[in-house]
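Data first, discussion second: the structure below is written as structure tokens.
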Amino acid sequence: MKVGVPKEIKTHEYRVGLTPGAVREYVAAGHTVLFETNAGAGIGATDDNYRKAGATILESAREVFASSEMIVKVKEPQPSEWTQLRENQILFTYLHLAPDPEQAKGLIKSGCTAIAYETVTDAHGGLPLLAPMSEVAGRLAIEAAGAALKRYGGGRGLLIGGVPGVQPARIVVIGGGVVGMHAARMAAGLGAEVTILDRSLPRLRELDELFEGRVRTRFSTIEAVEEEVFAADVVIGAVLVPGASAPKLVSRSMLSSMRKGSVIVDVAIDQGGCFETSRPTTHADPIFEVNGVIHYCVANMPGAVPLTSSQALNNATLPFGLALANKGFAAVLESPHLRAGLNVYRGRLTYKAVAESLGLPFSPIEQAAA
């Protein structure tokens with residue numbers, strides 16, 4: 001199969017769909033990798049690195065899209081990219097369609113087969129292609145919060161861990177999944193006072209045992225969210241409903257009771273965000289203020305550390321990508337985990353939560369592929 005890797009064009013997105021090491025694996029499996037020139041610059045990989053790995057370098061994204069049977073990316077296709085997709089072409093990347101009706105309509109119109117990293121599953125019911133970026137984003141969330149808390153960033157002027165005799169920052173993490181766990185680990189490691197809110201009692205028990213009492217756990221109710229958010233210096237939004245829009249757990253009216261100069265980091269912004277006042281931002285202009293509360297809502301947080309992120313992502317995506325390259329769409333039909341990743345197929349939405357979020361018709365794969 002001809003596998004194409006265009007350069008990412010989202011603002012300040014430096015990751016790359018395939019690392020040189022991953023390219024070697026595709027080539028060794030008998031596939032042709034078509035790579036846009038300088039697509040690996042963000043991770044310090046030159047065209048020569050990719051040539052040595054076996055890739056063919058093309059001068060433009062248009063050539064890559066036109067010549068490839070499968071496109072491997074990192075972030076969702078931008079308008080200039082989805083118009084280049086075509087029927088029978090496979091797109092393998094993050095999509096996050098639920099809050100993005102225009103992209104969904106563009107992919108539907110293209111007729112392509114779009115498989116979303118974030119909804120591919122594994123034998124344990126996990127999301128193996130979302131997990132590595134969730135790990136990165138969770139850890140980065142605390143770094144971002146620390147910067148935003150500084151007075152020159154508009155924050156309260158707090159040091160996350162405090163110093164002897166001075167209270168540390170109070171950090172509340174809403175959601176105890178992969179993002180929440182890694183955010184709590186970083187925050188606790190810096191000496192913050194940390195609370196995790198979640199609706200799963202088994203998960204809260206796991207987290208309590210994991211952190212051995214260094215992090216407070218609390219069952220998430222409306223009252224609990226209000227109490228914790230109103231007392232917090234930092235609130236990390238880490239709630240995930242696979243494929244669907246994130247639930248809005250902190251309303252605009254609640255901001256008036258939050259501490260002035262406190263910080264919100266909405267890691268769920270790719271799925272629409274879990275704060276009513278959130279809107280996507282970029283690394284070029286990452287924060288904004290609403291009612292005295294600083295919001296950090298960068299939609300591609302792991303793009304700030306592209307070398308770490310690209311390597312972690314490729315480690316996870318490689319076996320799935322090779323399966324698609326080896327068998328084409330048949331791999332989707334054979335694997336329940338790739339089938340879970342299928343969001344768009346030949347002009348139809350095939351992921352129920354996405355269709356419901358967008359208010360568009362849903363077509364089960366059996367119906368769409370008939």
If you round to the nearest 0.5 Å, how far is CG of Leu107 from OG1 of Thr83? 11.0 Å

Answer yes or no: is there an ion pair linking Glu193 with Arg170, defined by an N-O contact shorter than 4.0 Å? yes

Looking at Glu63 and Glu59, would you say the former's side chain and the latter's main chain have a donor-acceptor pair under 3.5 Å? yes

Strictly below 4.0 Å, N to O, side chains only: are Glu228 and Arg216 in salt-bridge contact? yes

With distance as the sole criterion, is a donor-acceptor pair present between the side chains of Ser256 and Asn291 under 3.5 Å? no

Matching residue for Leu130 among Val178, Leu240, Val179, Thr121 - test: side-chain contact (heavy atoms from CB on, under 4.5 Å): Leu240

Specify the closest pair of heavy atoms between Tyr50 and Ile57, including all atoms of both residues, with the distance to one decimal. CB-CD1, 4.0 Å

Joint hydrophobic cluster, Val136 plus Ile269, side-chain heavy atoms closer than 4.5 Å: no

Applying a strict under-4.5 Å side-chain criterion to I, L, V, M, F, W and Y, I'd like to know whether Ile236 and Leu207 cluster together. yes

Sidechain-backbone polar pair: Thr281 side chain, Cys297 backbone, donor-acceptor under 3.5 Å: yes

Answer with yes or no whether the hydrophobic clustering places Val293 together with Leu197; edges join I, L, V, M, F, W, Y residues whose side-chain heavy atoms lie under 4.5 Å apart. yes

In terms of ring plane angle, is the pair Phe92 and Tyr117 parallel, tilted or perpendicular, where the classes change at 30° and 60°? perpendicular

Interatomic distance, Ile43 atom CD1 to Ser310 atom OG [nearest 0.5 angstrom]: 5.0 Å

OH on Tyr351 to OG on Ser363, rounded to 0.5 Å: 15.5 Å

Validation row: Pro247, Val239 side chains within 4.5 angstrom (heavy atoms): yes

Taking every non-hydrogen atom, the tightest pair across Leu342 and Ile365: CD2-CD1, 3.2 Å

Between the side chains of Glu334 and Arg339, is the shortest nitrogen-to-carboxylate-oxygen separation below 4.0 Å, so that they form an ion pair? no

When clusters are formed by joining ILVMFWY residues with side-chain heavy atoms under 4.5 Å apart, either directly or through shared neighbours, do Val172 and Val234 land in the same one? no

Arg15/Asn300 under side-chain hydrogen bond (donor to acceptor under 3.5 Å, both in side chains): CA gap, chis, key distance, verdict: CA-CA 10 Å; Arg15 289 172 289 181; Asn300 61 327; 5.9 Å; no

On the 0 to 90° scale, with breaks at 30° and 60°, tag the Tyr14-His12 ring pair as parallel, tilted or perpendicular. perpendicular

Quick one: are Leu140 and Val305 in side-chain contact, heavy atoms under 4.5 Å? yes

Note, Ile160 side chain near Ile142 side chain (heavy atom, < 4.5 Å): yes

Walk me through whether Phe329 and Val332 qualify under side-chain contact (heavy atoms from CB on, under 4.5 Å). CA-CA 5 Å; Phe329 187 69; Val332 177; 4.0 Å; yes

Distance in Å, Glu206 CD paired with Ser200 OG, rounded so as to fall on 0.5 Å steps: 7.0 Å

Side-chain donor or acceptor of Lys248 paired with backbone N/O of Gly273 under 3.5 Å: yes

Is there a chain of hydrophobic side chains (I, L, V, M, F, W, Y, each step under 4.5 Å between heavy atoms) that links Met258 to Ile174? yes

Work out which heavy atom in Ala187 is nearest to a heavy atom in Ile171; give both atom names and the distance. CB-CD1, 3.8 Å

Criterion side-chain hydrogen bond (donor to acceptor under 3.5 Å, both in side chains) on Asp198 and Ser220, from CA distance to verdict: CA-CA 5 Å; Asp198 200 276; Ser220 183; over 6 Å; no

Heavy-atom distance under 4.5 Å between the side chains of Pro77 and Leu95, does that happen here? yes

How close do Arg199 and Phe219 get, heavy atom to heavy atom, and via which atoms? O-CE1, 3.0 Å

What closest approach, in Å, do Leu129 and Leu313 show between heavy atoms, and which atom pair accounts for it? O-CD1, 3.9 Å

Charged N to carboxylate O under 4.0 angstrom, Lys75 versus Asp270? yes

Check the pair Ile71, Ile90 against side-chain contact (heavy atoms from CB on, under 4.5 Å), reporting the backbone distance first and the verdict last. CA-CA 6 Å; Ile71 298 294; Ile90 296 172; over 6 Å; no

Please answer whether the main-chain N or O of Leu322 pairs with a side-chain N or O of Asn326 as donor and acceptor at a distance below 3.5 Å. yes

Close side-chain approach of Asp233 to Arg259, heavy-atom, < 4.5 Å: yes

Determine, step by step, whether Thr119 and Asn343 satisfy the side-chain hydrogen bond (donor to acceptor under 3.5 Å, both in side chains) criterion, reporting the C-alpha distance in whole Å, the side-chain angles of both residues, the deciding distance to 0.1 Å, and the verdict. CA-CA 8 Å; Thr119 61; Asn343 280 211; 3.2 Å; yes

Can you list the steps and then say if Trp82 with Ser110 is a side-chain contact (heavy atoms from CB on, under 4.5 Å)? CA-CA 7 Å; Trp82 73 57; Ser110 76; 5.8 Å; no

Do Asp48 and Arg51 meet the salt-bridge criterion of a basic N to acidic O distance under 4.0 Å? yes

Do the side chain of Glu81 and the main chain of Pro6 share a donor and acceptor less than 3.5 angstrom apart? no

May I ask you to test the Lys2-Val33 pair for a side-chain heavy-atom distance under 4.5 Å? no

Carefully, step by step, assess Thr277 and His295 under the rule side-chain hydrogen bond (donor to acceptor under 3.5 Å, both in side chains). CA-CA 8 Å; Thr277 47; His295 291 56; 2.7 Å; yes

Looking only at heavy atoms, which two atoms of Val354 and Leu97 are closest? And how far apart? CG1-CB, 3.7 Å

Interatomic spacing from CD1 in Ile108 to CD in Gln103 - rounded to 0.5 Å: 10.5 Å

Strictly distance-based, threshold 3.5 Å: is any side-chain N or O of Asp122 a donor or acceptor partner for the main-chain N or O of Gly125? yes

Would you tell me whether His283 and Thr11 have side-chain atoms, one donor and one acceptor, within less than 3.5 Å of each other? no

Would you check if the side chain of Thr93 reaches a backbone N or O of Val74 as a donor-acceptor pair within less than 3.5 Å? yes

Has the side chain of Gln89 got a donor or acceptor atom that lies under 3.5 Å from a matching backbone atom of Arg86? yes

Using a 3.5 Å distance criterion without hydrogens, assess whether the side chain of Ser245 forms a donor-acceptor pair with backbone atoms of Ser357. no

Between Phe288 and Tyr296, is the gap from one ring center to the other below 6.0 Å? no

Flag, side chain of Glu36 to backbone of Ala39, donor-acceptor distance under 3.5 Å: no

Hey, what do you get for CG (Leu324) to CG (Leu338), rounding to the nearest 0.5 Å? 5.0 Å

With side chains defined as the heavy atoms from C-beta onward, is the minimum distance between Arg185 and Leu210 less than 4.5 Å? yes

Examine the side chains of Thr46 and Asn49 and answer whether a donor and an acceptor come within less than 3.5 Å of each other. yes

Please determine whether side-chain contact (heavy atoms from CB on, under 4.5 Å) holds for the pair Phe362 and Leu349, giving the CA-CA distance in whole Å, both sets of side-chain angles, and the decisive distance to 0.1 Å. CA-CA 5 Å; Phe362 163 65; Leu349 284 176; 5.6 Å; no

Give a yes-or-no answer on whether the side chains of Gln271 and His96 include a donor-acceptor pair shorter than 3.5 Å. yes

